There are 2 protein chains.
Amino acid sequence: MAAPVLHSSVLDRLGMDITSGVHAAGDVLTLDQLQQRFGVSRTVMREAMRILEAMNLVHSRRRVGIVVRPMPEWNVYDARVIRWRLDGPYRAEQLRTLTELRMAVEPMAAAAAARNAGPAERGHIADLAQRMRETGEDGRLEAFLEHDVAFHTLVLRSSGNEMFAALTDVVGEVLKGRTHHGLMPSPPVPVALATHDEVARAVRDGDTGAAELAMHTLLAEVRSAIDHVPGC
Amino acid sequence: MAAPVLHSSVLDRLGMDITSGVHAAGDVLTLDQLQQRFGVSRTVMREAMRILEAMNLVHSRRRVGIVVRPMPEWNVYDARVIRWRLDGPYRAEQLRTLTELRMAVEPMAAAAAARNAGPAERGHIADLAQRMRETGEDGRLEAFLEHDVAFHTLVLRSSGNEMFAALTDVVGEVLKGRTHHGLMPSPPVPVALATHDEVARAVRDGDTGAAELAMHTLLAEVRSAIDHVPGC
DNA sequence: TCCCTCGAAAGGTATCATCAATATTCGGAA
DNA sequence: TTCCGAATATTGATGATACCTTTCGAGGGA
């Protein structure tokens with residue numbers, strides 16, 4: 001996707017193996033093993049390992065080798081880690097925790113957006129809500145998803161808080177994951193459309209309390225939808 | 001702190017230069033320049049660069065060089081990035097955004113802890129609140145800080161959500177940063193002690209609503225304290 | 001204007017010396 | 001003989017170099 005280059009295939013493979021539990025915490029790997037297994041040079045393997053180390057998935061010690069760290073120490077906010085976990089056997093669990101995170105962050109981000117967004121952004125958010133309504137009522141799922149992602153992205157970006165804004169990829173992945181794994185009602189329920197409208201209106205009018213409440217309502221619906229689909 | 005490996009000093013220096021704006025977005029560096037500037041080998045420089053790339057601080061392209069990415073693309077949840085920014089000229093801004101993040105996450109984490117924590121954890125949280133009271137009333141700042149960090153850490157870990165638990169380092173850094181830069185009332189105000197107690201009681205009793213409210217109150221006080229200290 | 005060549009810089013490979021931590025072995029004392 | 005501590009060997013990461021390959025941007029020529 002982003003990188004048409006290098007050892008990213010090695011990284012992807014190893015990262016998935018670790019996040020999916022093929023290599024459990026405490027397992028010890030060595031560079032020699034790995035470079036032979038993937039058929040790459042030592043340098044490439046070392047750099048891939050450094051990236052995994054930066055994600056806190058592994059820890060490299062002299063004489064010992066490369067030890068896999070326990071899950072609580074991972075950088076679970078790293079986009080690649082999130083993608084690996086969403087693609088792996090813990091997808092359901094990851095979806096749950098990410099949705100809880102959204103429930104915590106997005107209402108506050110909406111309130112902040114109602115306070116801080118510029119005039120153009122307020123208008124753009126309203127536009128997106130309108131487009132969601134149109135595509136949703138027509139049952140055009142892909143277009144709907146696209147606008148949905150854009151909507152939440154813009155709210156997060158307009159919050160004036162880069163910690164919130166940095167979660168746009170996370171939210172995008174969750175939304176895409178939901179629709180592409182059949183966890184999304186089709187066509188989108190009218191209630192959801194109305195709630196998005198409410199958020200947009202509240203942000204436009206600068207009503208922080210209403211924005212927070214509407215976004216909270218929206219996500220409460222999302223969570224209950226996820227709760228009712230227990231298996232992956 | 002962790003490993004006295006050579007590339008870590010290089011990494012720290014470069015990371016601080018980028019996050020503090022010495023190298024602005026779009027600036028182009030080359031490996032040759034950097035390895036000469038720091039007097040290290042290409043191997044070391046490449047591995048440091050890979051780590052910066054994993055943090056999304058830079059992007060490396062053939063023929064072009066190493067391009068500094070704009071701030072919105074950074075992995076601002078990476079512990080090192082947070083530390084660099086807290087140590088740099090944007091400390092005040094970073095403290096504000098992190099505190100907003102805490103306001104979003106910690107109340108929900110407290111509610112989740114009230115729902116999910118095990119019996120031992122509930123007791124331990126209450127203990128920590130008690131110790132905070134003792135050390136706080138005695139004016140023993142360092143010990144107070146230690147228990148404060150432990151308290152919030154344990155609440156986050158007991159939430160049963162690894163996305164929340166992964167923020168323990170962040171919260172720890174914020175708390176340490178606050179006391180060590182004189183943003184903390186000394187001795188701690190009695191109100192704060194009482195609110196911590198309330199959180200602990202609510203978690204112990206499994207009262208999710210009360211836990212969320214108490215934690216919210218606690219953090220509202222924190223934010224107003226920060227707001228009143230505008231400069232770094 | 002378009003194409004083509006050239007070269008700069010990263011990507012990748014290979015090999016070496018070094019260093020540190022662990023495992024093993026050896027020696028001496030009880 | 002047994003046990004314990006110190007010397008030693010082994011192992012695997014770390015750091016440094018030398019040397020290709022690949023890509024792609026810029027500049028020059030048709």
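By convention in this document, chain letters (A, B, ...) are assigned in the order of the sequence lines, proteins followed by strands, and residues within each chain are numbered from 1. Only a predicted model underlies this, so the values are computations on that prediction, with no experimental measurement involved.
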Length of the line joining E53(A):CD and dG12(D):C1', which is rounded to integer Å: 14 Å
Under 4.0 angstrom between S60(B) side-chain N/O and dG11(C) OP1 or OP2: yes
Would you kindly give the CD-to-P distance between Q36(A) and dT13(C), to the nearest whole Å? 14 Å
note: L34(A), atom CG; dG12(D), atom C1'; distance rounded to Å ~ 12 Å
When you compare the protein's N or O atoms with those of nucleotides 15-21 of chain C, which come within less than 3.5 Å of each other, and at what distance?
unit_1  : atom_1 : unit_2 : atom_2 : d
dC19(C) : O3'    : R62(A) : NH1    : 3.4
dA20(C) : O4'    : R62(A) : NH1    : 3.3

Once you round it to whole Å, what is the distance between P of dG12(C) and CZ of F38(A)? 15 Å
Please give, in whole Å, the distance from dT14(D) P to I51(B) CD1? 10 Å
Consider the side chain of V40(A), meaning its heavy atoms from C-beta on, and name the nucleotide among dA16(D), dA13(D), dT13(C) that approaches it most closely. dT13(C)
Side chains of H196(B) and H152(B): do they bring a donor and an acceptor to under 3.5 Å? yes
Nearest-angstrom distance from the residue atom CG of L52(A) to P of dA13(D): 14 Å
With sequence neighbours excluded, what pairs up with D169(B) under the side chain to side chain contact (heavy atoms under 4.5 Å, CB included) test? none
Take the protein atom CD of Q33(B) and the nucleotide atom C1' of dA9(C), then report the distance between them rounded to whole Å. 11 Å
Taking it one step at a time, do E142(A) and T135(A) satisfy side-chain contact (heavy atoms from CB on, under 4.5 Å)? CA-CA 9 Å; E142(A) 279 301 322; T135(A) 53; over 6 Å; no
Does a side chain donor of either Q35(B) or D32(B) reach within less than 3.5 Å of an acceptor in the other side chain? yes
Rounded to the nearest Å, what distance is computed from the CD atom of residue E47(B) to the P atom of nucleotide dG12(C)? 13 Å
Please list, one pair per line, the donor and acceptor atoms closer than 3.5 Å that link side chains of residues 118-126 of chain A to other protein atoms, with sequence neighbours excluded.
unit_1  : atom_1 : unit_2  : atom_2 : d
E121(A) : OE1    : G118(A) : N      : 2.8
R122(A) : NE     : A117(A) : O      : 3.0
R122(A) : NH1    : A114(A) : O      : 3.0
R122(A) : NH1    : V203(A) : O      : 2.6
R122(A) : NH2    : A114(A) : O      : 3.3
R122(A) : NH2    : A117(A) : O      : 2.8

Please step through salt bridge (charged side-chain N to carboxylate O under 4.0 Å, His left out) for the pair R50(A) and E47(A), ending with a clear verdict. CA-CA 5 Å; R50(A) 285 271 180 267; E47(A) 289 178 6; over 6 Å; no
Which part of the nucleic acid, if any, lies within reach of M45(B) when heavy atoms closer than 4.0 Å are counted: base, sugar-phosphate only, or nothing? nothing
Say you draw a straight line from CE of M108(A) to CZ of F164(A); how long is it, rounded to the nearest 0.5 Å? 6.0 Å
